[in-house]
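Source: prediction; values computed, not measured. Lettering of chains follows the sequences in order, A, B, ..., and the numbering in each one begins at 1.
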2 protein chains.
Amino acid sequence: MNTLAYGLLSMLSYSPDSGYDLMLKLQSLWPAKHSQIYPLLSQMENDGYVRHVLVPQTDKPDKKVYSLTDTGRDALRAWLAVPASEPVIRDELTLKLFAMDQGNPEDIKRQLELRVQYYRDRIHWLNCKIEAYSMKEPPPSRGMMLLMQRGRFSSESDLAWAEWALEQLRDE
Amino acid sequence: MNTLAYGLLSMLSYSPDSGYDLMLKLQSLWPAKHSQIYPLLSQMENDGYVRHVLVPQTDKPDKKVYSLTDTGRDALRAWLAVPASEPVIRDELTLKLFAMDQGNPEDIKRQLELRVQYYRDRIHWLNCKIEAYSMKEPPPSRGMMLLMQRGRFSSESDLAWAEWALEQLRDE
DNA sequence: TGCACATATGTCGGTATTTACATATAATAA
DNA sequence: TTATTATATGTAAATACCGACATATGTGCA
């Protein structure tokens, strides 16, 4: 039971779901490919944390819908009580900025511009999501709201930094 | 040559350094354990990107000091020109917030408080580092300043969010 | 009809990363 | 004296993660 496994349990605590959809929904919280998700779900089922039923579909391929077992819900509860480990951020751009004196300034500027666009897109996506959720009945969970606000906070701050950094570089 | 390897080349582009010190200095940019650094440095030396000399010390154990070769500097320059991949953030706390309705609210609050302290410490550490650098002669590289400012931006924003989130939870 | 694409699940091989095991030197504190 | 800590380097085993390969269904478009 690694962090990804608890991420799956967390998702399933809301509602049963297929591996495919779990994979899509997890991307913003704990990115993982389907090749990591599917075997992990089998293993978790083998260990008794989840179970699945086959759901036939007419408009799409059939799917396996997983749900929490009591064991799974207990494991989730226990995990929630232990302090979260520190966040890890891996961003190649920080390394390139660090070494930028060795390269072409234009290349670095182009990469910062790409990053500015990345953050703008992210903010737009978040705003759409927040709007969609605010229309929902019943209103989404507290945790969900906290997370979406966090996305806003940090994306706005990252965007502000990237734009500021670009100005710094243009001034030279 | 993976991202970590380019991180090492980036560090070495400033000055020759030991594997041990490279490991320490990389923690804030691309975290890695010594067990990953040492074999990678050997391999990079084998491939001609770096070379090392043995430096005896009297107050500490002897060390291997690595430096860039011309091949290494060329590789670094080429890497700087290709667009950086998107950042990856892995934070267990986001998953726990997402699933918090399943657990004890007090546990979540405690973890948010720990995180508030984490960001405060980080900001303090960054401020010390920025002050230390601003006294240096000659002044540090542009990239270094951009990175330290980024650390400030995002830590302040994360701190603000964590404190806001705690208030939200206390209000219930 | 053929093609591309989203949905859906899976395996395999390789790379990246961590944890644990191992060793050695020098300073410092108990 | 002994223990601990920081410095310094390394290996081995296990885990986490990714990219490629593989297959199949249903939709929409040319």
Just the table, please: protein N/O against nucleotides 14-20 of chain D N/O, every pair under 3.5 Å.
residue, atom, partner, partner atom, Å
D:dA16, OP1, A:Asn2, ND2, 3.3
D:dA16, OP2, A:Asn2, ND2, 3.4
D:dC17, OP2, A:Gln36, NE2, 2.8
D:dC17, O5', A:Gln36, NE2, 3.3
D:dG19, O6, A:Ser35, OG, 2.6

Salt-bridged, [X] to [Y], with N to O below 4.0 Å?
X: B:Asp70; Y: B:Arg73; result: no
X: A:Arg122; Y: A:Asp158; result: no
X: A:Glu106; Y: A:Lys109; result: yes

Legend entry - Under 3.5 Å: donor-acceptor pair, side chain of B:Tyr66, backbone of B:Glu45: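 No; zero donor-acceptor contacts below 3.5 Å.
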Between [N] atom [atom2] and [X] atom [atom1], what is the distance in whole Å?
X: B:Leu54; N: D:dA8; atom1: CG; atom2: C1'; answer: 11 Å
X: B:Asp62; N: D:dT9; atom1: CG; atom2: P; answer: 9 Å
X: B:Glu45; N: D:dT9; atom1: CD; atom2: P; answer: 12 Å
X: B:Lys64; N: C:dA24; atom1: NZ; atom2: P; answer: 16 Å
X: A:Tyr38; N: C:dT7; atom1: OH; atom2: P; answer: 11 Å
X: B:Leu26; N: C:dA16; atom1: CG; atom2: P; answer: 15 Å
X: B:Leu41; N: D:dT11; atom1: CG; atom2: C1'; answer: 15 Å
X: B:His52; N: D:dA8; atom1: NE2; atom2: P; answer: 15 Å

I want to check something: taking the side chain as every heavy atom from C-beta on, are [X] and [Y] in contact at a cut-off of under 4.5 Å?
X: A:Asn127; Y: A:His124; value: no
X: A:Pro87; Y: B:Arg115; value: yes
X: B:Tyr20; Y: B:His34; value: no
X: A:Gln102; Y: B:Leu9; value: no

Below 3.5 Å, can you tabulate the donor-acceptor pairs from side chains in residues 160-167 of chain A to any protein atom, sequence neighbours excluded?
residue, atom, partner, partner atom, Å
A:Trp161, NE1, B:Leu146, O, 3.1
A:Glu163, OE2, A:Arg120, NH2, 2.5
A:Trp164, NE1, A:Gln168, OE1, 3.4

Inset, instruction - Could you pick out which residue, B:Leu24 or B:Ser42, lies toward the 5' side of DNA chain D when each is mapped onto its nearest nucleotide? - result: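 Between the two, 5'-proximity favours B:Leu24.
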Inset, instruction - Please determine if a side-chain N or O atom of A:Tyr20 lies less than 4.0 Å away from the OP1 or OP2 oxygen of C:dT9. - result: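 False: A:Tyr20 side-chain N/O out of range (4.0 Å or more) of C:dT9 OP1/OP2.
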All N/O contacts under 3.5 Å from nucleotides 26-30 of chain C to the protein, with atom names and distances to one decimal?
residue, atom, partner, partner atom, Å
C:dA26, O3', B:Asp59, O, 3.2

